[in-house]
Structure formats: structure tokens, C-alpha cells
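One structure below.
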Amino acid sequence: MKLKSLTAASLAAFICQTPVLADGSDSVEITGLIEVEAGHAEPYEGDSEMDVILATVELGVAAQITDWVRGEVLFLFEEGDNDNVTDIDIGTLTIAPPDGSWFIAGGRMYLPFGVYETTMISDPLTLELGETRETALMFGVEGKNLYGAAFLYNGDNGKDDDNRIDHFGAVIGYAMESNGVEFGWDLAYIDDTGDTDALQDAVAGNLEAAGEARGETGPETYDDHVSGFAASGRLRQGDVAFMAEYLGAAERFQSIALAYGGSVVEGAYANRGARPSSWMVEAAYDFMIRSQPATIAVGYQGTDDAVGVELPESRFMIGGSVELMDSVALGVEWAHDKDYDTDEWSDCVLADVETVECAFAGTDENADTVTVQLAAEF
């Protein structure tokens with residue numbers, strides 16, 4: 001699991017501070033992750049592909065500035081996403097009393113909308129759709145088994161072009177462990193799913209295209225908030241673990257922002273708004289290969305109304321990993337994707353009386369990817 005995946009399931013990590021050294025000086029902790037991947041892909045269309053990439057480099061620095069104040073910075077490089085650019089992925093300051101049960105955090109962070117827990121190499125489709133990084137203020141509490149947080153941030157989709165903190169969300173979760181059984185669940189809400197990393201880019205591109213179609217220099221005006229919900233659960237008994245998650249919009253987007261399908265009305269193509277969602281289920285089994293810990297897992301995932309953000313309609317996965325030595329693991333994964341049908345599309349116009357042109361459309365094809373990953377944490 002990547003270091004940046006600090007989500008609802010690990011809210012307690014905001015509260016748990018790095019211990020202050022006995023001599024009263026500050027405590028500084030440096031952590032890192034390196035992932036190298038080799039893959040072979042058979043895409044929906046076109047020739048097969050093979051590549052070796054430096055998939056992830058993460059370097060985190062956490063400092064206990066005072067008994068009450070903790071700072072964290074995470075630098076991230078991902079080949080293909082931000083080549084030759086090292087991004088400040090996370091930068092937060094957290095105020096919390098020593099051994100206390102509450103915290104206030106501010107800065108650039110991944111909002112606790114979704115848990116995204118997986119034993120696979122690839123990110124789950126719930127993360128692909130719902131991961132949200134914003135500069136925010138968050139207040140959280142933790143009890144014996146219950147924990148929760150509420151957050152505020154200034155998203156891109158401001159009502160009436162107002163530049164103000166008018167977006168919010170919350171999460172509540174439960175975790176327990178008894179007699180070798182671990183169980184937990186999380187429920188989260190965000191007032192605008194249009195601010196998730198995936199949908200934010202899709203909405204911005206659609207509005208820009210709509211503005212150009214109207215002969216305007218700027219994007220089309222958009223001031224809608226489409227709320228969303230996420231629910232996840234996990235169960236472990238001994239060496240067997242199960243996890244499941246659902247995440248999606250609570251209502252449809254305006255069609256000008258994110259469309260899915262439609263029909264011809266009075267000689268014009270009428271898109272209907274999309275209501276994107278995603279889900280995943282996964283089972284994993286831990287065992288030993290000689291003296292080394294290993295895991296094998298199987299998962300099934302899917303989406304609805306997500307052809308406009310280029311996600312598959314379904315994905316079946318099998319994966320396994322073995323710890324070669326302390327903090328060094330070798331993993332392998334096979335993923336089988338099914339694309340949306342050819343009659344499922346997004347962002348369409350009527351080119352002529354009989355022809356509809358769409359920015360995105362399903363192919364009704366399958367795709368297969370095999371990935372081998374060598375990962376090391378420090």
C-alpha cells in the first residue's frame with residue numbers, strides 16, 4: 001500500500017504522534033517507498049505493449065515540532081504521470097494533545113472520502129474514481145472503537161464563481177479486534193464529487209470544450225455541486241481477509257459537465273447527465289513460503305456511468321506477493337478488464353442527421369494486463 005494512502009481507515013494516524021525523544025529534543029522520522037514495475041498489456045484496441053517503469057518513488061518526512069504540533073511532508077514521483085517532476089504530494093500541520101483523542105489538521109492532504117484498501121498492485125477502481133487531494137482543514141476525534149472527522153476546503157466548483165471555502169465532508173468509522181477477529185467499517189460523505197481528482201479533470205475538459213463550441217474564450221459556466229457517498233467494510237480472521245467498498249455520486253451531473261448516453265430530440269443530440277459510481281470486493285489469504293510471508297488475493301471491481309472518465313465497466317484480478325526480506329517484496333498481478341458496450345457513450349453531438357459523434361464511447365472489448373512489481377519500504 002502506498003504511503004499516500006492515508007484515508008478513513010487510518011484516521012488514528014493523524015492523532016498518533018511520533019514520540020518525543022527522552023532528552024526533550026524534536027523527533028524526526030523519514031520514510032520512503034520505491035516501486036519498480038514491468039508489465040505486458042493487451043489493450044482494448046491496437047497492439048500489445050511492454051514496458052519497465054519506475055512506478056512510484058515516495059519520500060516522507062514527519063517532525064514532532066512540539067508536544068502538540070506535528071508536521072508531515074510527502075514528496076512523490078510517478079513515471080508517466082509527472083515525468084521529471086517531483087510533486088509535494090502531502091504537506092500538513094497537525095495539532096493534537098499528547099495522548100489525546102482529537103486533532104486539528106490543515107494543509108494539502110488526501111480527504112478521507114473512501115478507504116481504498118487492497119492487497120493488489122493496481123489501485124482499485126474506487127480510488128481511480130474517488131481519490132480527492134485538496135488543501136483543507138480537518139477536525140477529528142477517536143474513541144475506543146469509533147472515530148470520525150469533518151473537513152472543509154475550497155473546491156474548483158464554486159457556486160456563482162465565489163472563491164470561498166464552501167465545500168465540506170465527513171467520515172465516521174468503527175474498528176475492533178477481539179479473539180483474533182478484526183472488523184471495521186467506514187461511511188463518508190462529500191458535498192461535491194466533481195472535486196475528486198478524476199472527475200475534476202473530466203468536468204474541466206468538458207466545460208472548456210463547451211465554451212469553445214459556443215465561441216467563447218473561457219469555459220462554460222458551471223456552479224453545480226453533486227454530492228457523493230462512500231461505504232467500506234473489512235474483516236480478517238486469522239490468515240483470511242475480506243474487503244469491500246462502494247463509492248459514487250448521489251445524483252446526476254449536469255450533462256454539460258459530465259454526460260452518459262442520451263438521445264436525439266428534435267434534430268439535436270441531448271446528452272443526459274452521468275451518475276458515476278464504482279465498487280470493489282476482494283479476498284486475500286496470507287501464508288508462508290518457507291520462512292517468508294506471502295499473500296494471494298482475488299478481486300472483482302466495477303463502475304457505472306464512468307465511460308466519460310475512461311474507466312472499465314468491470315475488472316477481475318488475481319494477485320500474489322512474497323516478502324523477499326524485511327521491507328522488500330515481489331508481487332505479480334493479472335487484471336482482466338471489460339470495456340463498456342459500443343452503445344454506451346459520453347459527450348456526444350449530432351454531426352448530421354444520421355451520425356452521432358462522441359468524445360468517449362465503449363468498445364465492448366476486453367483488455368489484459370500482467371504486472372510484476374519489486375517494492376521496498378524504508
Side-chain angles (χ1 to χ4, degrees), residues 1-36 54-79 82 85-112 114-119 121 123 127 131-143 147-149 151 171 173 175 177 182 184 186 293 321 323-329 331 373-378:
M1 182 178 294
K2 295 180 173 59
L3 297 177
K4 71 179 182 180
S5 299
L6 180 59
T7 54
S10 55
L11 275 175
F14 276 108
I15 304 172
C16 298
Q17 305 180 56
T18 303
V20 178
L21 300 181
D23 61 3
S25 60
D26 293 340
S27 175
V28 176
E29 181 182 20
I30 298 176
T31 57
L33 171 68
I34 300 173
E35 295 175 338
V36 178
L54 179 59
T56 306
V57 175
E58 292 181 350
L59 181 64
V61 180
Q64 195 66 44
I65 302 168
T66 72
D67 287 355
W68 282 63
V69 181
R70 176 181 174 88
E72 297 184 51
V73 178
L74 181 65
F75 300 92
L76 172 68
F77 170 85
E78 293 178 314
E79 186 172 344
N82 55 354
V85 175
T86 301
D87 187 25
I88 298 179
D89 201 44
I90 295 174
T92 61
L93 282 175
T94 303
I95 300 173
D99 302 319
S101 60
W102 62 269
F103 70 89
I104 299 174
R108 193 176 195 182
M109 66 183 72
Y110 286 89
L111 301 180
V115 174
Y116 315 131
E117 186 172 348
T118 182
T119 57
I121 294 173
D123 292 330
L127 183 148
E131 184 178 62
T132 308
R133 185 179 63 165
E134 292 284 349
T135 300
L137 291 173
M138 182 160 57
F139 174 76
V141 295
E142 181 190 32
Y147 53 86
F151 51 87
V171 60
E177 181 177 357
E182 301 175 28
D186 295 89
S321 65
E323 188 173 307
L324 301 178
M325 57 192 74
D326 288 345
S327 302
V328 179
Q373 180 192 80
L374 181 64
E377 293 182 324
F378 58 89

Measuring from [X]:[atom1] to [Y]:[atom2], what's the distance to the nearest 0.5 Å?
| X | Y | atom1 | atom2 | answer |
| --- | --- | --- | --- | --- |
| Phe77 | Asp87 | CZ | CG | 11.5 Å |
| Glu78 | Glu58 | CD | CD | 7.0 Å |
| Arg133 | Leu111 | CZ | CG | 11.0 Å |
| Leu74 | Met109 | CG | CE | 13.0 Å |
| Thr92 | Met138 | OG1 | CE | 8.5 Å |

Passes side-chain contact (heavy atoms from CB on, under 4.5 Å), Thr118 versus Leu127? Steps please.
CA-CA 10 Å; Thr118 182; Leu127 183 148; over 6 Å; no
If I compare all heavy atoms of [X] with all of [Y], which pair ends up nearest, and what's the gap?
| X | Y | result |
| --- | --- | --- |
| Ala63 | Val28 | CB-CG2, 4.1 Å |
| Glu72 | Arg70 | OE2-NE, 3.1 Å |
| Trp102 | Ala96 | O-CB, 3.4 Å |

Test side-chain contact (heavy atoms from CB on, under 4.5 Å) on Leu59 and Phe378 and set out the steps.
CA-CA 9 Å; Leu59 181 64; Phe378 58 89; 4.2 Å; yes
Could I get the full list of side chain to side chain contact (heavy atoms under 4.5 Å, CB included) partners for [X], not counting sequence neighbours?
| X | value |
| --- | --- |
| Glu177 | Glu182 |
| Ala329 | none |
| Leu137 | none |

For Glu142 and Tyr147, indicate whether the former's side chain and the latter's backbone hold a donor-acceptor pair under 3.5 Å.
no
With a 6.0 Å cut-off (strictly less than), is the heavy-atom count around CD1 of Ile88, excluding the residue itself, greater than 12?
no
Are the side chains of Ile90 and Arg108 in touch, meaning some heavy atoms are under 4.5 Å apart?
no
Quick one: does Phe75's side chain get under 4.5 Å of Val57's, heavy atoms only?
no
Could you give me the CA-CA distance, side-chain angles and deciding distance for Ile34 and Leu54, then say whether side-chain contact (heavy atoms from CB on, under 4.5 Å) is met?
CA-CA 8 Å; Ile34 300 173; Leu54 179 59; 4.0 Å; yes
Between Gln64 and Ser27, is any side-chain donor less than 3.5 angstrom from a side-chain acceptor?
no
Contacts of Ser321 meeting side-chain hydrogen bond (donor to acceptor under 3.5 Å, both in side chains) (sequence neighbours excluded), chain-then-number -> none
